[in-house]
Each structure stands twice: as structure tokens, then as C-alpha cells.
Amino acid sequence: GKRFPDHVIPGEYGPDAGGPLKYLHKDIGQALAVARENNAPSVIGPVVQSLVALGMREVGGDEASTALATMYERWAGQTFREAADRFKAP
């Protein structure tokens with residue numbers, strides 16, 4: 001969908017901005033289990049699961065999955081809106 005332009009860039013992380021992080025974490029865990037059961041490689045899956053776990057500790061598992069962006073904003077020292085504004089055509 002349009003979650004990034006509609007919710008992340010303007011910093012709107014309400015309930016309609018995505019499902020709860022705790023469900024995303026659970027879903028990733030289930031996908032990784034299926035991959036293991038089928039001997040399918042999953043290089044990036046565990047990394048994504050770790051990032052979501054960090055986000056749950058930082059913003060809470062009940063927050064919308066898009067709220068994970070606030071963790072990246074903190075790491076970058078700027079918001080997605082600030083970054084997007086820098087790249088707008090004059």
C-alpha cells in the first residue's frame with residue numbers, strides 16, 4: 001500500500017498505519033520456522049526479526065508496524081519528513 005508516503009513520511013503512526021509490531025514479529029517467526037522445516041535458506045529473515053524485536057522494545061509491541069520507522073529516525077538523527085523535504089524539487 002501507501003503506508004510509507006501516507007504514514008511514515010508525515011510521522012502518523014496511529015492504529016490505521018499498520019498492524020501491531022508484536023504480530024509482525026510473530027509472523028516473521030512463523031515464516032522462519034517454515035523455512036527451517038523445509039531447509040530453505042533465509043539470510044535476511046533473522047535480521048528483520050531482530051530489528052522488529054528492537055523496535056518492539058523501543059516503541060512497544062502494540063504500536064503500528066510503521067512506528068518502527070521512529071527507531072531508524074533516531075539512528076539517523078533526522079525524521080523521514082526532514083529527509084524527504086531535502087529531496088523535493090525547488
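What you see is a predicted model, and the numbers here were worked out from it, not measured in a lab.
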So, does [X] use its side chain to make a donor-acceptor pair with the main chain of [Y] at under 3.5 Å?
| X | Y | value |
| --- | --- | --- |
| E73 | F80 | yes |
| T66 | V8 | no |
| E63 | G60 | no |

Roughly how far apart are S42 OG and L32 CG, rounded to 0.5 Å?
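That separation rounds to 4.5 Å.
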
If every non-hydrogen atom of [X] is compared with every non-hydrogen atom of [Y], which pair is closest and at what distance?
| X | Y | result |
| --- | --- | --- |
| R3 | A17 | CD-O, 3.2 Å |
| G14 | A64 | O-CB, 3.6 Å |
| P5 | P10 | O-CD, 3.3 Å |

List the atom pairs, with distances to 0.1 Å, where a side-chain N or O of residues 43-59 and a protein N or O form a donor-acceptor pair under 3.5 Å, not counting sequence neighbours.
residue	atom	partner	partner atom	Å
S50	OG	P46	O	3.1
E58	OE1	R74	NE	3.4
E58	OE1	R74	NH2	2.6
E58	OE2	R74	NE	3.0

Sequence neighbours left out, what pairs pass side-chain hydrogen bond (donor to acceptor under 3.5 Å, both in side chains) with at least one residue falling in residues 5-25?
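Listed once each, the pairs are K22-D62.
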
